[in-house]
Amino acid sequence: MGDGSWPTHERRWASDTIPANTILSATTSPGAEYNSAEEFVEVTLDLQDDDTIILRSVEPATVINVDEGSDTSVSASRSPTTRSSSNRLRQFSQELKAEAVAKARQFSQELKAELRKFSWGNGHASQTVNGFDSALAARALRKQRAQLDRTRSGAHKALRGLRFISNNKANAWEEVENKFNKLAKDGYLFRSDFAQCIGMKDSKEFALEMFDALSRRRRLKVEKISKDELYEYWSQITDQSFDSRLQIFFDMVDKNEDGRITEAEVKEIIMLSASANKLSRLKEQAEEYAALTMEELDPERLGYIELWQLETLLLQKDTYLSYSQALSYTSQALSQNLQGLRKKGRIRRISTKLVYYLEENWKRIWVVSLWIMVMIGLFTWKFFQYKQKSAFKVMGYCLLTAKGAAETLKFNMALILMPVCRNTITWLRSTKLGLFVPFDDNINFHKTIAAAISIGVILHVGNHIACDFPRLISSSNYKYKKFLKNDFGSPKPTYIDLVKGTEGVTGVLMVIFMAIAFTLATRWFRRNLIKLPKPFDRITGFNAFWYSHHLFVIVYVLLIIHGEFLYLVHIWYRRTTWMYLAVPVLLYAGERILRFFRSGFSTVRLLKVAIYPGGVLTLQMSKPPQFRYKSGQYMFVQCPAVSPFEWHPFSITSAPGDDYLSVHIRQLGDWTQALKRLFSEVCEPPVAGKSGLLRADEATKKSLPKLLIDGPYGAPAQDYSKYDVLLLVGLGIGATPFISILKDLLNNIVKMEEQADSVSDTSKASDVSVASSNESTTPNRVPSKRKKTLKTTNAYFYWVTREQGSFDWFKGVMNEVAELDQRGVIEMHNYLTSVYEEGDARSALITMVQALNHAKNGVDIVSGTRVRTHFARPKWKNVLSKLSSKHCNARIGVFYCGAPVLAKELSKLCYELNQKGSTKFEFHKEHF
């Protein structure tokens, strides 16, 4: 006490053997031999599994009545918890109670002696002691209330929390045992291998702290353990008891084993949890969040927190997490799904699936069916037409098949240009024709036609080279002169003559160029999935796809020449190749010319450039006067400094009402990497307090690169306004199409509120005018022409990303929506997959700090916005089921942009839920 510090109020008696989790409230009493006027304190002890007693609180005792041999200790302020504890104590032996009370008396005397010594050495000690006693009393009262609040439901929630092992399978120990056998040396597992052995390889630091905590429980500090000891550790880690898991977590923080957690220890565990979940920014602010935690849990300012306070925060975190909760729905709404639970016969199930498939795909079905029928018709027409020719007598059915395939090739080579006439498609999808034709599938249809062309080339070229040409050169002179001389001339050509002729050379060149273009357009080459050694790596990637696709300019020239030098057709108007190609080629050429002039007609001035974490480049530019677009659409961007020929599509992230255009570009391919490098060189270093590199072009010392834009072009998301409810799902950079929609919705909400206010003001003015003037025969009326009411009543935005820094991309938009959407039209959910799911011990403290910080400051610690960040991945079945129950009879548009795997899952869920209830889901996936 000489240094002025308080003594440690804790004692352990290893000889006591008392069942676990038993609270003993013993009031120190001098018995009959003490004067009742003396001051005493009430000491609350916690009897632990390891046969020790830990002091939990010390508070003044106002009424003392303990007789020798009495079974109870009665306090004036006895609570229900104390009475229940006393009832539990009755089953213990009289000797054990007497020993515990005696030890409590002894400790009370020691404590009073220490306090007297301190008061003699300090003139203000009495005031300090009284303040300390009051703080202890206040904490004891809070503890009693916390114990009363721990209901069965709270305990049930707790069982799902603080899991050290997320996927605890039935044979989990067998897997751990197998790993032990592989990692053990001389029958012992070293501390450094503990994380890998129990399946926490990615959280090694966290696992080592847990190892040390479990070792401290056994009063050991070891570097290696046996298999039996590992099994003991494993049993404690996977214990189903929440109290047991909570104690392990507490012991991980409480390294000095004094039963208390200080602010420094809280900071350390926050940094450990942040490291395990790859949250670098959270580590930088660990001190701030540790202070926040202590402020909440230690209002008495004792400088430490105890086990029960940590438990209270864990069990009551849902109170703090009331912001941005998961979708709620009433039990009455669940009745609509009951019809989907009834058993159906096999025929009924098949017919239901068939009907649903037709409902979902009827546009695609009729278009593809019409296309196939046209090809069959053309093939059949040419087949029978050439059957009437004399060449059939020599060349046989090989000639008929080749010519039938050639007719379908001419048709498909013309048709394949139509889906990539983007301006035409954008215009057509806004007409009545958009109700019958799936223009959003234009790229898929383009690929399907390409597949048909490949088949046609194989049939046409294969039959010529391998069948009818050999028949021609092997035919007798008699047959040749009789049936083929008028077509092929005299003398009879050789095989080389046929190949090196105009038809043969153009045909071979077309096959070569088309093979190159088709191969480099496949997913493996276009997305760099095939890794080739240098210098062959240049033939993979988007650049190779882009440039090789332009070989088709040469292919079309060769095709027209090829069609003009046919052996068996001599009348010019029967050479129909140019007729097939004329309109599509002119239309496509017109589109390219329009793009060229439109992109250079209005200069685009860069306003801001930002480079965010995750390799995302944000470009904000001036909006050309004639550039009008809808939310969800995209535009093409070209940077001549990178490539004067390449145009790349990017979703527009600004709203139509904004006076600027913005795009977010992620560094994925060679072009985007070059673009980011270019802007990194001209951008200035980041300024403190700002994320990314933000500079207006006027203020930047170096001139910003020139940009050209072309668009806008139609996309599925632009039709969002025709749905009652929206579910917008974006993975990573896939959130970009929906940011514009959210901003547009927000702008519409603000306008509607302003319009409602103006209508109200006009009505009031009208009433005043009518009341004050008798001359007016008709009151002022609100103009009949009003803006159309917004059909969309609710929007739910789910953004799933792997990196914490990704939330910087749209931080401003999310904060703006959270602030201005007073009616709750838009509900936003952020999901960070790098963090372990809620309930995992590695993210438990982060969840608590997240809840506390938002409750106090209104800001999420992970995203830095007012939108709550959830951990792990969403349970999509629950999300869609709750939407279905909450919005009965609604038409819900599900828009998705991201990896194809999740698209299949969402599409399947929409299909399943559409069969169960009256709510209808329509799934749309973004295509570029």
Side-chain angles (χ1 to χ4, degrees), residues 364 368 409 412-413 415-417 419-420 422 440-462 508-556 614-616 634 636-637 642-643 645-651 665-677 715-716 730-734 736-737 800 802 833 896-908 925-928:
R364 300 183 183 95
V368 172
L409 277 173
N412 284 326
M413 286 297 290
L415 187 63
I416 199 170
L417 293 174
V420 291
R422 298 177 186 270
D440 293 334
D441 290 328
N442 60 322
I443 299 300
N444 286 335
F445 191 44
H446 177 79
K447 295 177 182 178
T448 305
I449 297 171
I453 289 175
S454 300
I455 296 173
V457 167
I458 293 172
L459 290 175
H460 179 73
V461 176
V508 171
L509 289 176
M510 279 193 293
V511 170
I512 293 173
F513 290 147
M514 292 170 71
I516 294 172
F518 283 15
T519 302
L520 298 184
T522 57
R523 180 172 174 267
W524 299 280
F525 283 89
R526 183 165 47 90
R527 295 190 177 274
N528 274 319
L529 299 180
I530 294 179
K531 303 300 180 183
L532 298 177
K534 292 183 178 181
F536 300 105
D537 59 336
R538 291 182 174 272
I539 66 173
T540 61
F542 188 85
N543 276 353
F545 156 75
W546 176 261
Y547 289 115
S548 65
H549 242 55
H550 284 78
L551 290 173
F552 275 95
V553 175
I554 302 174
V555 170
Y556 277 101
V616 171
Y634 65 95
F636 281 86
V637 177
V642 177
S643 173
F645 305 108
E646 293 184 50
W647 291 86
H648 293 265
F650 299 101
S651 297
I665 302 172
R666 183 156 197 182
Q667 182 180 341
L668 292 174
D670 40 18
W671 186 87
T672 53
Q673 289 173 356
L675 187 71
K676 180 175 177 284
R677 283 196 302 268
L731 265 61
I733 198 65
T736 51
V800 184
R802 290 179 295 181
T833 58
Y896 171 74
C897 185
V901 177
L902 182 55
K904 294 179 181 178
E905 180 183 350
L906 290 174
S907 179
K908 183 180 178 181
K925 182 182 181 300
E926 291 290 326
H927 297 283
F928 277 153

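Numbering of residues begins at 1 and proceeds along the displayed sequence.
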Going by heavy atoms in the side chains, are [X] and [Y] under 4.5 Å from each other?
X	Y	result
Y896	E905	no
R364	N444	no
F650	T736	no

How far does [atom1] of [X] sit from [atom2] of [Y], to the nearest 0.5 angstrom?
X	Y	atom1	atom2	answer
K925	D441	NZ	CG	10.5 Å
R677	T672	CZ	OG1	9.5 Å
S454	I449	OG	CD1	12.0 Å

With H549, which of F552, Y547, W546 fulfils ring-ring contact (aromatic ring centres under 6.0 Å, His included)?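 Output: one option passes, namely F552.
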
Identify the two heavy atoms, one from [X] and one from [Y], that lie closest to each other, and give their separation to 0.1 Å.
X	Y	result
P737	C897	CG-SG, 4.0 Å
A450	F518	O-CE2, 3.6 Å
G898	L731	CA-CB, 4.1 Å
P419	H446	CB-CB, 4.0 Å
A674	V642	CB-CG1, 3.8 Å
D440	A715	OD1-C, 4.0 Å

Sequence neighbours excluded, which residues qualify as ring pair (Phe, Tyr, Trp, His ring centres under 6.0 Å) partners of F445?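 Counting only residues at least two positions away or on another chain, F445 forms a ring pair (Phe, Tyr, Trp, His ring centres under 6.0 Å) with W371.
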
Sequence neighbours excluded, which residues qualify as side chain to side chain donor-acceptor pair (under 3.5 Å) partners of H648?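 Result, side chain to side chain donor-acceptor pair (under 3.5 Å) vs H648: E646.
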
For L409, give me all partners under side chain to side chain contact (heavy atoms under 4.5 Å, CB included), at least two apart in sequence or on another chain.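 Only I453, V457, H460 meet the side chain to side chain contact (heavy atoms under 4.5 Å, CB included) criterion with L409.
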
Output all residues satisfying side chain to side chain contact (heavy atoms under 4.5 Å, CB included) with A451, sequence neighbours left out; order by chain, then residue number.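 A451 satisfies side chain to side chain contact (heavy atoms under 4.5 Å, CB included) with no other residue.
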
May I have the step-by-step check of side-chain contact (heavy atoms from CB on, under 4.5 Å) for V368 and T448, ending in yes or no? CA-CA 9 Å; V368 172; T448 305; 5.9 Å; no

Donor-acceptor pairs are to be reported for all side-chain atoms of residues 508-517 against protein atoms at under 3.5 Å, with residues two or more places apart or in another chain.
none

Contacts of type salt bridge (charged side-chain N to carboxylate O under 4.0 Å, His left out), residue R802, not counting sequence neighbours: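 Residues passing salt bridge (charged side-chain N to carboxylate O under 4.0 Å, His left out) with R802: none at all.
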
